[in-house]
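To start, the structure itself, in structure tokens.
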Number of protein chains: 2
Amino acid sequence: MSIEAKPTRERILDAALDLLTAGQGVRMGDVAKQAGISRQALYLHFGTRTELLVATTLHLDQIKGRDARLAPVRAAETGLERLRLWVQAWCAFVPEIHGLARALMDQSVTDAEAALAWAARMEDMRQGCQAALAMLARDGSLRAGMPVDQATDLLWMLLSVQNWEALVQVRGWSQVDYAQQMERQALEMLTGRVGNP
Amino acid sequence: MSIEAKPTRERILDAALDLLTAGQGVRMGDVAKQAGISRQALYLHFGTRTELLVATTLHLDQIKGRDARLAPVRAAETGLERLRLWVQAWCAFVPEIHGLARALMDQSVTDAEAALAWAARMEDMRQGCQAALAMLARDGSLRAGMPVDQATDLLWMLLSVQNWEALVQVRGWSQVDYAQQMERQALEMLTGRVGNP
DNA sequence: AGGATGACTTGACATCGTGTCAATAGAGGC
DNA sequence: GCCTCTATTGACACGATGTCAAGTCATCCT
């Protein structure tokens, strides 16, 4: 399709993505201007700001090929390998989705629907944790005496977007250091075996 | 002092504390009503909502005797003991300050001054982590090959208010389970030695 | 007693962003 | 020629913060 052949809806999503992944404080008017339409026209496509944010996250998933990139994780044969791959895949994802995630979290302050949408996405991520840990338990590699549920919650907490913000944005860690530490801490915490220093 | 002898400023802070520790979505008008004054009178004492929130956190610290309760932590003789005491003290603190913390974090979305105030408090907490870990390093108990700075950041992340929210509020952990896991994970992560199952 | 001061009240108003509504315009389908 | 869909402009309501002005009331000073 040519440059201007893109339907308006998609131009809006692209605009929203541009602005949201870049800076913060994105208003409906900003998105409209970036998409080259009027603010009111925006409301013809997305009834509320929350609706736009949610649609944009789906759009982002599609663009980044979230599903395809998770295929290797699902294909892992051992629990240990699956855990490692899952942590790496997620860690690589966080910076990509962060702007949008932040916008959705901020929106949750005043909008219950946004809170719900964000919670659903986090629950989805938790499923990824759960799947890896169930496999780990199946292999007998899960730490002795640790229930899968507890392990899931701990891993889910460890991998939270807020923790990424804390280490990378606030404390200035490199993405590589972040991912390395997350993998190491996850493995030790959940297998109970200490890795290399 | 008698019931009504309290100066207005204090009645306001008490009112704010009441509302903020209880529910969310506290407006200036709500606080004023609870304190028994007009909304405008509130602005005679606190110029902005952020100012009120910050003053209320200080007020809370004072009421809860934050300083006194940290004395045993500072008195610890070994790094291991200090780390353990610090984690426990902080974990016990989080639910007490949570309402206010949440309000300040939410305020940070739209107000840079609030963001600064919250960051300062978090930096303060980080100092507590740093002190414990410096002592741990002095004792030679810090995990081999782990710089104190890195350890500090990891502990700081682990103990974040957001992580408490995730485990206790979202996942429904009990406060006891939360504190136990935090202590265990902190000790293992930072000493490199695995504890009891 | 007279007068200033300080704390508080009521009421109106500006601002900012979201979301709504009405009137209008152009393009394409049939 | 008419209909519908998309978009435009302009005005407006709402909710919360913060400001401004005018007036009340008690207390303190001398």
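Chain A is the first sequence line, chain B the second, and so forth, proteins listed ahead of strands; every chain is numbered from 1. These numbers come from the heavy atoms of this one structure, side chains and all, not from hydrogens, waters or symmetry mates. All of these numbers come straight from a predicted model, not from anything done at the bench.
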Just N and O in the side chain of [X]: are any of them under 4.0 Å from OP1 or OP2 of [N]?
X       : N     : answer
B:His45 : C:dC8 : yes
B:Thr8  : C:dC8 : yes
A:Ser38 : D:dA7 : no

A:Trp164 and A:His98 aromatic ring geometry - parallel, tilted or perpendicular at 30°/60° bounds: tilted
Separation of [X] atom [atom1] from [N] atom [atom2], in whole Å?
X       : N      : atom1 : atom2 : answer
B:Tyr43 : C:dA7  : OH    : C1'   : 18 Å
A:Ile37 : D:dT6  : CD1   : C1'   : 10 Å
A:Arg49 : D:dG15 : CZ    : P     : 19 Å
A:Leu44 : C:dA25 : CG    : C1'   : 14 Å
B:Phe46 : D:dT17 : CZ    : C1'   : 16 Å

When you measure from the side chain of [X] to the backbone N and O of [Y], does any donor-acceptor pair fall under 3.5 Å?
X        : Y        : result
A:Asp153 : B:Leu167 : no
B:Gln162 : A:Met157 : no
B:Asp106 : A:Val109 : no

Taking only heavy atoms on the protein side, list every residue of [range] lying under 4.0 Å from any atom of DNA chain D, sorted numerically.
range                       : value
residues 17-35 of chain B   : B:Arg27, B:Met28
residues 50-60 of chain A   : none
residues 103-118 of chain A : none

Base of D:dG18 paired with side chain of B:Arg39 (donor-acceptor, under 3.5 Å): yes
A:Gln24 and A:Arg102 side chains, donor-acceptor separation under 3.5 Å: no
Contact check, side chains of A:Glu165 and A:Val170, non-hydrogen atoms, under 4.5 Å: no
Close side-chain approach of A:Leu83 to A:Leu155, heavy-atom, < 4.5 Å: yes
Nearest-nucleotide comparison on DNA chain C, the residue closer to the 5′ end among B:Arg9 and B:Gln40: B:Arg9
Salt-bridge test for [X] and [Y]: reply yes if a basic N is under 4.0 Å from a carboxylate O, no otherwise.
X        : Y        : result
A:Glu96  : A:Arg69  : yes
B:Glu188 : B:Arg193 : no
A:Arg27  : A:Asp30  : yes
B:Arg171 : B:Asp177 : no

